[in-house]
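For reference, the structure is listed below as structure tokens.
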Amino acid sequence: MAGAKPIGRRAFLEALMASGCAAAVGAFALGIAPVRESAARWCPRPPGALAGSDFTAACARCGRCVEACPYDTLRLAGMRDPAPVGTPWFIPREIPCYMCQDIPCVKACPTGALDPQLTDIRDARMGVAVVDPNSCLSWQGLRCEVCFRECPETGRALTIETHPRGISAHAVFVPVIHPDACTGCGMCEKGCPTDVPAIRIADPANVLGTIGKHYRLGWLDEEDPKNLRREGPPATPMPKEPASSGSSPAPASDDTAPGMDYLNSEDLL
């Protein structure tokens, strides 16, 4: 181009080196991103967040859910945060989820990483509350009950039960968590008056067991949550033995475990 100043050799080499360094840094960042995400610790995510890697795959890191949150609960993870970089998360002890009835964060999500089928905030499962009886004031015999009063699902997700004390005539009124109704909002953790909260929001996969679909508590209603626990991995079927002459016919196959009818029957003799 006429009038353009020619680029000297030194300037050309400097520009070339700069572009090469930028490319190397970009490649390194892209290379460590999957490692960084796989090493991220569990942390509470917004209501309706898809499970596990499905969420990180679907999340566009756009921040719209963060902008939509009226309480500034949500934040986008940085390089030093426990969540995958750019994904939304929150710290219940600082600002819990206040369970907006219209769930604006879900409505703002453009990719479905926050499930649009979540229309009732009471169905959200951001985590589950767990109590440490060794530091809970109620378990020590004091009448605290702050978590009970703070819980937006009082009577469903968190109840108070009376336990007798062995050293005096006083009773111990302790908080009891009902995981099937706990949303993991973190209001209990926020309100806990101990220096380090005695009640916290945890990863359900790490603190909850699985009863198994072949167990049924016959004295409870079929629709009771304890009879509808999430299913674990399918059991490996036992190999069938060939029927021998004179042996009784094998029972019809079904998806129940051997002995279930016996365990559920009241005839134990």
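Grouped by direct or indirect side-chain proximity (heavy atoms under 4.5 Å, Ile/Leu/Val/Met/Phe/Trp/Tyr only), Leu137 sits with Leu142.
Listed by first then second residue, pairs satisfying salt bridge (Lys or Arg N to Asp or Glu O under 4.0 Å) with a partner in residues 98-119 number zero, not counting sequence neighbours. The stretch residues 81-115 participates, sequence neighbours left out, in these ring-ring contact (aromatic ring centres under 6.0 Å, His included) pairs: Tyr71-Tyr98. Listed by first then second residue, pairs satisfying ring-ring contact (aromatic ring centres under 6.0 Å, His included) with a partner in residues 44-65 number zero, not counting sequence neighbours. Evaluation of the ring-ring contact (aromatic ring centres under 6.0 Å, His included) test over residues 118-148, restricted to residues two or more places apart or in two chains, returns Trp139-His163.
Minimum interatomic distance between Ala68 and Ala108 (heavy atoms only, all atoms of both residues): CB-CB, 3.7 Å.
Grouping the Ile, Leu, Val, Met, Phe, Trp and Tyr side chains by contacts below 4.5 angstrom, directly or via other members, places Leu114 with Ile103. Placement of Leu74 and Met99 in two distinct hydrophobic clusters is found when ILVMFWY residues are connected by side-chain heavy-atom separations under 4.5 Å, directly or transitively.
Partners of Ala157 by side chain to side chain contact (heavy atoms under 4.5 Å, CB included), not counting sequence neighbours, listed by chain and number: Cys151, Glu153, Ala181, Cys182. Looking at residues two or more places apart in sequence or on another chain, you find a side chain to side chain donor-acceptor pair (under 3.5 Å) between Glu94 and Arg75. The side chain to side chain donor-acceptor pair (under 3.5 Å) test applied to Asp123 returns no partner, not counting sequence neighbours. For His178, the ring pair (Phe, Tyr, Trp, His ring centres under 6.0 Å) criterion is met by no residue, not counting sequence neighbours. Annotation: side chain to side chain donor-acceptor pair (under 3.5 Å) contacts of Arg149 (sequence neighbours excluded): none. With sequence neighbours excluded, no residue satisfies salt bridge (charged side-chain N to carboxylate O under 4.0 Å, His left out) with Glu150. Partners of Glu145 according to the side chain to side chain donor-acceptor pair (under 3.5 Å) rule, which considers only residues two or more places apart in sequence or in another chain, are Arg143.
Between Pro175 and Ser138, some side-chain heavy-atom pair lies under the 4.5 Å cut-off. Using a 4.5 Å cut-off on side-chain heavy atoms (C-beta onward), Pro152 and Met187 make contact. Side-chain contact between Asp132 and Val196 is absent, with no heavy atoms from C-beta onward closer than 4.5 Å. Here the side chains of Val174 and Cys136 are not in contact, with every heavy-atom distance at 4.5 Å or above.
Expressed to the nearest 0.5 Å, how far CD1 of Ile91 lies from NZ of Lys190 amounts to 11.0 Å. The SG atom of Cys188 lies 4.5 Å from the CD1 atom of Ile201; values are rounded to the nearest 0.5 Å. With rounding to the nearest 0.5 Å, the separation of SG in Cys109 from CZ in Arg64 is 9.0 Å. Rounding to the nearest 0.5 Å gives a distance of 6.5 Å between SG of Cys147 and CD1 of Ile177. Rounded to the nearest 0.5 Å, atoms SG (Cys144) and CD1 (Ile160) are 8.5 Å apart. Note: Arg61 CZ to Thr111 OG1 = 9.5 Å, rounded to the nearest 0.5 Å.
Using a distance-only test at 3.5 Å, with no hydrogens or angles considered, no donor-acceptor pair links the side chain of Asp81 to the main chain of Ala83. No donor-acceptor pair closer than 3.5 Å links the side chain of Arg80 to the backbone N or O of Gly78. A distance-only check finds a donor-acceptor pair linking the side chain of Arg125 to the backbone of Asp180 [under 3.5 Å]. In this structure, the side chain of Arg93 engages the main chain of Glu189 through a donor-acceptor pair within 3.5 Å. Not a single donor-acceptor pair under 3.5 Å links the side chain of Ser135 to the backbone N or O of Ala198.
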Inset, instruction - Would you sort out whether Ile121 and Thr183 count as a side-chain contact (heavy atoms from CB on, under 4.5 Å), showing the intermediate values? - result: CA-CA 8 Å; Ile121 189 60; Thr183 65; 6.0 Å; no
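At most 12 heavy atoms of other shown residues, nucleotides or ligands fall within 6.0 angstrom of atom CG in Asp195.
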